Every structure is written in C-alpha cells, then in structure tokens.
Enquirer: 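Got a structure here, written out as structure tokens. Questions coming.
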Amino acid sequence: MTPHQALLRHILAEPHDENARLIFADWLEEQGDQARAAFIRTQCRLEHLAPVDASYSPLVAQERQLYVSNHPRWKGQLPRSRFRRGFLESLSCGDPDWLVSRADEIFDKHPLQHLALLLFEEPKRPGMLGCLPQLGRLATVRLDVASDGAAELLRLTASPHLASLRGLRLTGMELSSSCVRDLLTPQRLLRMESLTTLDLSSSNLNTGFLIALLSSSTGRRITHLDLAYNPQLDTEAIRFLLTSPVWERIEELNLSGLPRLSAEIYSEIGARLQDSSIRRLALGGFPDIPAEITTAFLEELTSRPWGRLEALSLAEMPLSGEPFRQLLGCSQLAQLKRLDLPRTRLTTADIVHLAECPYLRNLTHLNLQGLTFGDPGLLAMAESSSFPQLGYLDLNQCVNVTGVGIGSYLQSPKAAHLRVVKLKGCGDDQVLDQVSRSPSLQRLHSLAFSSRPSGAITERGIAALVESQALPCLSYLDLDDSLTPHGQQILLQATHLAWPGLLERQLATPELKRQHRQRFAGWQGEDLDHDEPFFTPLSG
C-alpha cells in the first residue's frame, strides 16, 4: 500500500479526524500538489472561524480561487456536490443506476457523509442500491421521491446497510397513502438504530403514525424532528409530543404548515419551551392563521423563560401592530441568533420598532421575506444599534423597498458582516449601483437578485457590478431570469472574477450555456456554500 493510499484510507475510515486531513495535505505538498494541500488547509481553517474574523474573507477568496482552478481534477464528472475540510462530503444524484455503477470509485476517493437521491422512476436494476455496503458510511440520506420510484424507496429503506444512519430526510413524496403507510412504519425505522434526525415534512402523515413513532425506541432517540406540511396532524398528535419523553430531548422542531392545530396547543408550546432542549423552533407557515393563535402563543412565550431557544421562525403569523410590539418587548429575544418572519404582515412602523429593539444584539440571521414595509424601515435598521452581527439578510419579494432603503443599509458599517443577501423581486439598476459602491460587503459570498415589478436590471447595472470589483468573496450569484443574453454575456466574460456566473439553468442561449460549462465545468456556487439555511439539519 502506497503512502497516498494509506493516508486516504485513514481519512475514509475516520472522516471526523481533521489531523489526518492536515497530514495528508503535508504529504501532498511534498509530492508537488501545492494547490490541493492549500485547499485542504484553507477549508480546515474556515471550519474554526466566524465570518466576523479578520482572516475569514481572505480565506474564502483563497478557497474559491483554488477551487475554480482545480475542481475538475478533484471532482471529475460528479454531479452537484459540496466540499468540506478539503474533501467531497455531500453528493446529489438523480440516477440510482449510475450511483451503483460508480459506487466503488466514489467511496474509495471521497469521505462521503451526506447523500441526496432523486427516485423519480424505477431503476433498471431494482434493489441494487440498497445492497451497497458503502451506504453504511453515510451519516445522512435525503430521498426525493415521485410515485414511479416508490418501489425502490421501499427496498432502499429496508436495507441493512442503513443501520448506522443518523439522519433521514424524505421530501417531495408524490406517493399514495398506502405506500406512505408501508414506508413510514415504526417497525421499518427501528432498523435504523442510530437515527436521531428525522425529516418527514410533506409526507402525508397522520396522528396515529406519529403517536406510534414517538412511542417506539426509534422515536425516543430523535433530537431533530421536522413534521412540517402534514395537514392531517392535529392537536392530539402535538399534545402527545408535548407530554412524551421525546419533548425533553428535542433540539430542533418544525411544526410549520399544520392548519389543524388549535390556539390551545400553541399556548401549550409556548408554555412548555422552558421544559425542553429546543434550540430551533418553527411554527405557523400556512395562510390565514387566526389571530387567536398568535395571541395565545405570544402570551405564553413572552411571560416565561425560553429554555435553550436560539432560532425562531413564525412564518405567516399575523404579527403586525400590538402582537409584534409585545414580542419585541421580551428580553428573552437576547438569546436569539436567528429570527424568521416571512409574510407576517409587518408594516414599515413594525420594522422601525424592530430596529429600535434593544434585545437583538446577538442576531446573525434575519428573514423578512415577502413583507410590505418601505424604505423608512431599512433606514431605521441602518441607523440603529440593533443586530450588529447580522450576516444573513433575506429581503426577497419586499417590493416596496427601493435603492434608497437598500442602499442605506448596504452603505452602513453594520453591512460589513453580511455574508448572504437576498433581494429577489426588489432589484433594479439603482440597487445594483448601491451594491457595487458599498465598501462594507467585503465578506459577502452569496447574492440573490432579480428585477422589481416597477424597475429592471439592465446591462448597465451588471456592467457597473462587474467593473466595481467590490465583492472579493462572492462565489454564488443568482440573478433569476432578470438579464438579457447580452447582460449574461457581460458576466461570463468577466474573467477577473471567479464567480460561478449565473446558474446554468438561467442562461438564455446554448452558446452561453456552453461558455458557462467551459469556464466552470458545471460548478454551481453551492459547492463552497458556507451558509446554513434554517431547518436543514441533514445538510451537515
């Protein structure tokens, strides 16, 4: 066995041993592969840095340059993937037959931990995927299933090689009720003896199944549970959760999109937070939430300790006015690092009150998607002393804000911490000019942008963005379908920038797609994505 094989084998067997990766980097450098050695060291260093650290931005820029120049050699022809600590860690695959045929090659080279599978049709070799012993090395599996892939899904989840799986995520299941019953039985899940993370969102669950699951030995091990968008789940199901031993151990809980829950159960959730280990909680998430639900929840929430809570999502709950001021007056907000308030009907006056709240000093993520406030709200945010550490700001579909308000925030000193900015549906050339001129966006690595209803992104705005060179760490740029072919051409010809350009699906002509593939070899910015979206515990 060569030194290369021995070192790599140890990394494959012990994927969490960072020292082994650094030793491998030293060996690669001795063999003349300075680029791969530097990439491993850079990503390992980034694991231990906060975005506000002075050395974070230069390391992200170095990481991106190394990857853009070398990823075809490191990644080959693999589909969408994600690198962490120098090695491929996550892989998405839409063809089970391809994965079966390449399994030895992939798992012998990469310490793969997370796998997303698209089971949209019956494979040509049914059952072979579940027979792969390499599945035993995975920490999490995500399955996106359509009705034609139901039989393979049942075979896969019966595989003995998934016994050590820690996380299972089932999404987009266009399956019959009978298939869901066959799949989501506690008896089947009992085979997964190490399972602690379970995402069953949009899975056609009923109350009987959830009670049976929570009563099983598998259910009693769960610490991360996503039950969102299962409209059959009712108050009885959630009350059983609140009174079961599972409640004391749950760390992440998503109860969004459950319209059959009563105001009383929301009140009980607010009252029982202090008795739980919950760090992340998501509620609401369906249209026309009754006002009494918000009132009942906030009355209990704001009058008691919050336990360990540090992330709260209240999507679509009617918070405007007095309910929102009641929430902002709660000193427990100082615990929060993340606050998601999409489509909660907040007005400009509410956002001004948000900016004046003295308890949001630790907030790093703020989601205001789909709200109707205007520029005075963002002006107040820019001038306030609240959320000085904000690194993630989602203003998607906030159509009433303009370049004046957005520019005031992006030009303020607090914008220096931003890593992710989302401006879809509220952009035009004026906003792009503000982005281009901002001296504070040195750490920004992800920008999502598209035209507002009353304005447009033109080639002039894109040219200003390209020429400014104001975004040294930007590695992910999503401009939706806002650009003309010539505007897209301007981006792709900006050779001094190591962006992935536009996502290839957005490019308007075959020639532009060819140029994108030639330059980036299929890389999309997610390969180096350092952001952690809300309630994605399976992303690693």
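Numbers here simply count residues along the sequence, with the first being 1. Since the structure is predicted, the reported quantities are computational estimates derived from the model, not experimental observations.
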Enquirer: Please confirm whether the backbone N or O of V141 pairs with a side-chain atom of R169, one donor and one acceptor, at under 3.5 Å?
Expert: no
Enquirer: side-chain hydrogen bond (donor to acceptor under 3.5 Å, both in side chains) with S276: which residues, sequence neighbours excluded?
Expert: none
Enquirer: Distance only, no hydrogens: is a donor on one side chain within 3.5 Å (strictly under) of an acceptor on the other, for S164 and S194?
Expert: no
Enquirer: For L333 versus L328, what's the shortest heavy-atom pair and its separation?
Expert: CD1-CA, 3.7 Å
Enquirer: With salt bridge (charged side-chain N to carboxylate O under 4.0 Å, His left out) as the test, would you mind laying out the steps for D340 and R280 before giving the verdict?
Expert: CA-CA 11 Å; D340 283 35; R280 294 186 171 197; over 6 Å; no
Enquirer: Judged by atom type as modelled, is there a donor-acceptor pair below 3.5 Å linking the side chain of K414 to the main-chain atoms of S384?
Expert: yes
Enquirer: Using the rule given for side chain to side chain contact (heavy atoms under 4.5 Å, CB included), can you reason through L200 versus L213, listing the C-alpha separation, both sets of side-chain angles and the distance that settles it, and then say yes or no?
Expert: CA-CA 12 Å; L200 300 175; L213 173 65; 4.1 Å; yes
Enquirer: Within the structure provided, determine whether L255 and I269 are in side-chain contact (heavy-atom separation under 4.5 Å).
Expert: yes
Enquirer: For E300, give me all partners under side chain to side chain contact (heavy atoms under 4.5 Å, CB included), at least two apart in sequence or on another chain.
Expert: S267, A271, S303, R304
Enquirer: Does anything in residues 312-323 pair up under salt bridge (charged side-chain N to carboxylate O under 4.0 Å, His left out), and if so which pairs, sequence neighbours excluded?
Expert: E316-R343, E322-R325
Enquirer: Please report the interatomic distance CG(L227) to CG(L233), rounded to the nearest 0.5 Å.
Expert: 6.0 Å
Enquirer: One pair to check against side chain to side chain contact (heavy atoms under 4.5 Å, CB included): L390 and T364. What are the steps and the verdict?
Expert: CA-CA 4 Å; L390 201 65; T364 61; 5.6 Å; no
Enquirer: L395 and side chain to side chain contact (heavy atoms under 4.5 Å, CB included): which single residue from N367, L366, L423 fits?
Expert: L423
Enquirer: Would you indicate whether R45, at its atom CZ, is surrounded by more than 12 heavy atoms from other residues, nucleotides or ligands within a distance under 6.0 Å?
Expert: no
Enquirer: Check step by step if side chain to side chain contact (heavy atoms under 4.5 Å, CB included) holds for M317 and I293.
Expert: CA-CA 8 Å; M317 294 183 73; I293 282 182; 4.3 Å; yes
Enquirer: Just how far is it from atom CG of L198 to atom CD of E252, taken to the nearest 0.5 Å?
Expert: 13.0 Å
Enquirer: Please report the interatomic distance OG1(T344) to CG(L368), rounded to the nearest 0.5 Å.
Expert: 7.5 Å
Enquirer: For T372, is there any backbone N or O sitting under 3.5 Å from a side-chain donor or acceptor partner on N400?
Expert: yes
Enquirer: What are the two closest non-hydrogen atoms of H224 and R279, and how far apart are they?
Expert: NE2-NH2, 4.0 Å
Enquirer: Apply side chain to side chain contact (heavy atoms under 4.5 Å, CB included) to L88 and list each qualifying residue two or more places apart in sequence or on a separate chain.
Expert: L78, S81, F83, L91, H110, L112
Enquirer: Can you find a heavy atom in the side chain of I278 that is under 4.5 Å from one in the side chain of L273?
Expert: yes
Enquirer: Kindly write out the residues that satisfy side-chain hydrogen bond (donor to acceptor under 3.5 Å, both in side chains) with R239, not counting sequence neighbours, or none if the list is empty.
Expert: E268
Enquirer: Would you please say whether a donor-acceptor pair under 3.5 Å links the side chains of T42 and Q62?
Expert: yes
Enquirer: Is it the case that the side chain of W306 and the backbone of L336 share a donor-acceptor pair, with hydrogens and angles ignored and the cut-off at 3.5 Å?
Expert: no
Enquirer: Is the closest side-chain heavy-atom distance between E236 and I211 below 4.5 Å?
Expert: yes
Enquirer: Whether the side chain of Q389 engages the backbone of L363 through a donor-acceptor N/O pair (distance < 3.5 Å, no angle test) should be reported.
Expert: no
Enquirer: Look up atom OG in S262 and atom CD in E292, then write down how far apart they are to the nearest 0.5 Å.
Expert: 10.0 Å
Enquirer: Minimum heavy-atom separation for V60 and L46, please, with both atom names.
Expert: CG2-CD2, 3.9 Å
Enquirer: Any idea which heavy atoms bring G285 and Y229 closest together, and the distance?
Expert: O-CE2, 3.3 Å
Enquirer: When you compare the side chain of I250 with that of I222, does any pair of heavy atoms fall below 4.5 Å?
Expert: yes
Enquirer: Is it the case that D429 and T458 place a side-chain donor and acceptor less than 3.5 Å from each other?
Expert: yes
Enquirer: Compute whether any side-chain donor of one residue and acceptor of the other, for H48 and E18, lie under 3.5 angstrom apart.
Expert: yes
Enquirer: Within the 4.5 Å heavy-atom criterion, are R21 and R41 side-chain neighbours or not?
Expert: no
Enquirer: If I compare all heavy atoms of N230 with all of S201, which pair ends up nearest, and what's the gap?
Expert: ND2-CA, 3.9 Å
Enquirer: Please determine whether a side-chain nitrogen of the Lys or Arg among K424 and D394 lies less than 4.0 Å from a carboxylate oxygen of the Asp or Glu.
Expert: no
Enquirer: Is the backbone of R249 close enough, under 3.5 Å, to the side chain of T223 for a donor and an acceptor to pair up by distance?
Expert: no
Enquirer: Taking R84 as the fixed residue, which of Q43, Q113, E47 is the one that meets the side chain to side chain donor-acceptor pair (under 3.5 Å) rule?
Expert: E47
Enquirer: For the residue pair A237 and L210, what are the closest heavy atoms and their distance?
Expert: CB-CD2, 3.8 Å
Enquirer: Compare all side-chain heavy atoms of Y266 with those of T294 and state whether any distance is below 4.5 angstrom.
Expert: no
Enquirer: Please walk me through it: do F373 and V401 pass side chain to side chain contact (heavy atoms under 4.5 Å, CB included)?
Expert: CA-CA 7 Å; F373 67 92; V401 297; 3.6 Å; yes
Enquirer: With the side chain counted from C-beta on, respond yes when L49 and L59 share a heavy-atom pair under 4.5 Å apart, and no when they do not.
Expert: yes
Enquirer: Measure the CH2-CZ distance between W247 and F240 for me, rounded to the nearest 0.5 Å.
Expert: 14.0 Å
Enquirer: Can you see whether Q411 engages S438 through a side-chain donor-acceptor pair at a distance of less than 3.5 angstrom?
Expert: no
Enquirer: Compile the donor-acceptor pairs under 3.5 Å between side chains in residues 347-356 and protein atoms, sequence neighbours left out, one pair per line.
Expert:
from: T347; atom 1: OG1; to: A349; atom 2: N; distance (Å): 3.4
from: T347; atom 1: OG1; to: D350; atom 2: N; distance (Å): 3.4
from: T347; atom 1: OG1; to: D350; atom 2: OD2; distance (Å): 3.1
from: T348; atom 1: OG1; to: G374; atom 2: N; distance (Å): 2.8
from: D350; atom 1: OD1; to: G321; atom 2: N; distance (Å): 3.1
from: D350; atom 1: OD2; to: S320; atom 2: OG; distance (Å): 2.7
from: D350; atom 1: OD2; to: T347; atom 2: N; distance (Å): 2.9

Enquirer: Kindly compute the distance separating CG (L301) from CD (Q274), expressed to the nearest 0.5 Å.
Expert: 11.0 Å
Enquirer: Quick one: are L298 and L319 in side-chain contact, heavy atoms under 4.5 Å?
Expert: yes
Enquirer: Less than 6.0 angstrom from the centroid, inside 45 degrees of the normal: does R419 satisfy that with respect to the ring of Y392?
Expert: no
Enquirer: Are a donor atom and an acceptor atom from the side chains of Q369 and N396 found within less than 3.5 Å of each other?
Expert: no
